[in-house]
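This structure is a prediction, so every number in the text was calculated from the model and none was measured. Just so it is clear, the values below take in all heavy atoms, side chains as well, and ignore hydrogens, waters and symmetry mates.
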Number of protein chains: 2
Amino acid sequence: MERTVPRPRLYRDAILALLRRNLTHPTVDWIHQELRKREPRVSLATVYRTLRVLVAEGVLCELPFGAGQSRFGLVKEQNHYHFICDSCGHIHDLPGPARAGLETAVAEATGHRVIRHTTEFFGVCKSCLANAASSAEAKKARPRKIAPKGGKRGERYR
Amino acid sequence: MERTVPRPRLYRDAILALLRRNLTHPTVDWIHQELRKREPRVSLATVYRTLRVLVAEGVLCELPFGAGQSRFGLVKEQNHYHFICDSCGHIHDLPGPARAGLETAVAEATGHRVIRHTTEFFGVCKSCLANAASSAEAKKARPRKIAPKGGKRGERYR
DNA sequence: ATATGTGCAAAGCTTTTGCTGCAGT
DNA sequence: ACTGCAGCAAAAGCTTTGCACATAT
């Protein structure tokens, strides 16, 4: 056959490359689709397995936001500040304000042991703002009423 | 039959009462079990439906943390600061530092429109610290290696 | 009588796992 | 020969939904 793909950790680097290029913490499905453009035989199970390994290694982090599929992104620095677009669901990294005293303050106030913290900002991202502006006003009110979770999940956000 | 329950919004208040008493943002399953102790015929579907309505009304908020079932809690004040225990999964409310200038600073830096933000502190809660101390040291290392999400979800955290 | 809420069961989606087979050492 | 990884398909878990019926207005 054409190339008879190499075995060990075959798609590991390809997935990391994708995540290095896409900084919006894509869904598992997006990663799978994108990978398939180059390697049509990749199975979704392999993508999941690879992602789990990378998370266990500390290279990636999983973000539970977006109310649907899990999203994964690189763990760079101590960057745990995100902006999450309510409209398109993309998650952007932010430079962390890095407030050190905050954790100890919480620990002293509550008695819990605080190890780390994250902050998420929600709103409408730059490009969605632009899209909304260009498509005038009266087009159609966006549904977004009850936000289903289990049902037609993957159809929202890309 | 015994009582022939009243119809409209039958369990709405009962669920709210439960959440008013339990401040750790319980899982759907916990709510269901608890409700069943008084109303054995409640179905899980009804619990989900009621919770979705309450979220849509803005009375409750859904928290995507814990990597398993969804968790729900009351929306009180602007309280969007949480402490999440890595060990037991409970989510405790914290009094918010309420830093107003933060959102506008992020908006100016990124170009996104920022509407709200949340902060989560992770660590080990007071009671888990106590339990760990009482069960000496050598008992068994806690597994927690790869953190499965879809498989045996509900078995973790209560 | 109508409209709405509920229970039950089934469907749907995401994520994991078992098994088989192939590839590299 | 052995080990380990990938593909496929099936299973498992959480959440939603269709349908029938009961209940309040």
Side-chain angles (χ1 to χ4, degrees), chain A residues 1-15 26-33 35-36 38-56 62-72 89 145-158, chain B residues 1-15 26-33 35-36 39-56 62-72 89 143 145-158:
Chain A
M1 311 93 187
E2 6 176 305
R3 226 242 313 187
T4 61
V5 280
R7 278 286 118 165
R9 263 45 188 274
L10 175 47
Y11 306 114
R12 183 196 169 88
D13 293 338
I15 288 177
T27 63
V28 177
D29 216 54
W30 184 91
I31 296 170
H32 184 218
Q33 298 302 331
L35 204 50
R36 275 205 163 181
R38 311 187 143 239
E39 306 279 357
R41 296 184 49 76
V42 191
S43 76
L44 189 55
T46 299
V47 174
Y48 272 107
R49 269 188 287 231
T50 307
L51 289 172
R52 288 268 160 257
V53 170
L54 289 170
V55 168
E62 177 182 1
L63 299 176
F65 309 103
Q69 291 191 111
S70 296
R71 290 168 172 274
F72 294 84
K145 298 179 78 92
I146 289 197
K149 257 203 84 178
K152 287 110 180 182
R153 294 208 221 193
E155 288 159 25
R156 307 186 307 141
Y157 301 159
R158 284 213 150 252
Chain B
M1 314 89 191
E2 6 174 302
R3 226 244 310 190
T4 62
V5 281
R7 280 286 117 165
R9 260 51 186 268
L10 175 46
Y11 306 114
R12 183 195 168 90
D13 294 339
I15 288 177
T27 63
V28 177
D29 216 55
W30 184 91
I31 296 171
H32 184 218
Q33 299 301 331
L35 203 51
R36 275 204 165 182
E39 307 279 357
R41 298 185 46 75
V42 193
S43 75
L44 188 56
T46 299
V47 174
Y48 270 107
R49 270 188 287 232
T50 306
L51 289 173
R52 288 267 160 257
V53 170
L54 289 169
V55 168
E62 177 182 1
L63 298 176
F65 309 102
Q69 289 190 114
S70 295
R71 289 170 171 273
F72 294 84
K145 297 180 79 89
I146 288 199
K149 257 203 85 176
K152 287 109 180 182
R153 293 209 223 192
E155 286 158 27
R156 306 186 308 140
Y157 302 158
R158 284 210 151 254

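- At dT6(C), none of the side-chain N or O atoms of Arg41(B) fall inside 4.0 Å of OP1 or OP2 (strictly under the cut-off).
- Rounded to an integer number of Å, the gap from Gln69(B) CD to dA12(D) C1' is 13 Å.
- If you measure from atom CG of Leu35(A) to atom C1' of dA6(D), you get 12 Å, rounded to the nearest angstrom.
- Regarding Arg49(A), its CZ atom lies at a distance of 11 Å from the P atom of dT16(C), rounded to whole Å.
- The salt bridge (charged side-chain N to carboxylate O under 4.0 Å, His left out) search around Arg36(B) returns none, not counting sequence neighbours.
- Gln33(A) contributes atom CD, which lies 8.5 Å from atom CG of Leu44(A) (distance to the nearest 0.5 angstrom).
- In this structure, the OH atom of Tyr11(B) is 12 Å from the C1' atom of dT23(D), given to the nearest Å.
- How far OG1 of Thr27(A) is from CG of Leu63(A): 12.0 Å, rounded to the nearest 0.5 Å.
- Residues that satisfy the side chain to side chain donor-acceptor pair (under 3.5 Å) test with Arg49(B), not counting sequence neighbours, are absent from this structure.
- Atoms CG (Leu51(B)) and C1' (dT16(D)) sit 13 Å apart, rounded to a whole Å.
- Atom CD of Glu62(B) is separated from atom C1' of dT16(D) by 13 Å (rounded to the nearest Å).
- Contact between the side-chain N/O atoms of Ser43(A) and the OP1/OP2 oxygens of dG7(D) is found at a separation under 4.0 Å.
- With rounding to whole Å, Arg36(B) atom CZ is found 11 Å from dC8(C) atom C1'.
- The nearest whole Å value for the distance from the NE2 atom in His32(B) to the P atom in dG13(D) is 17 Å.
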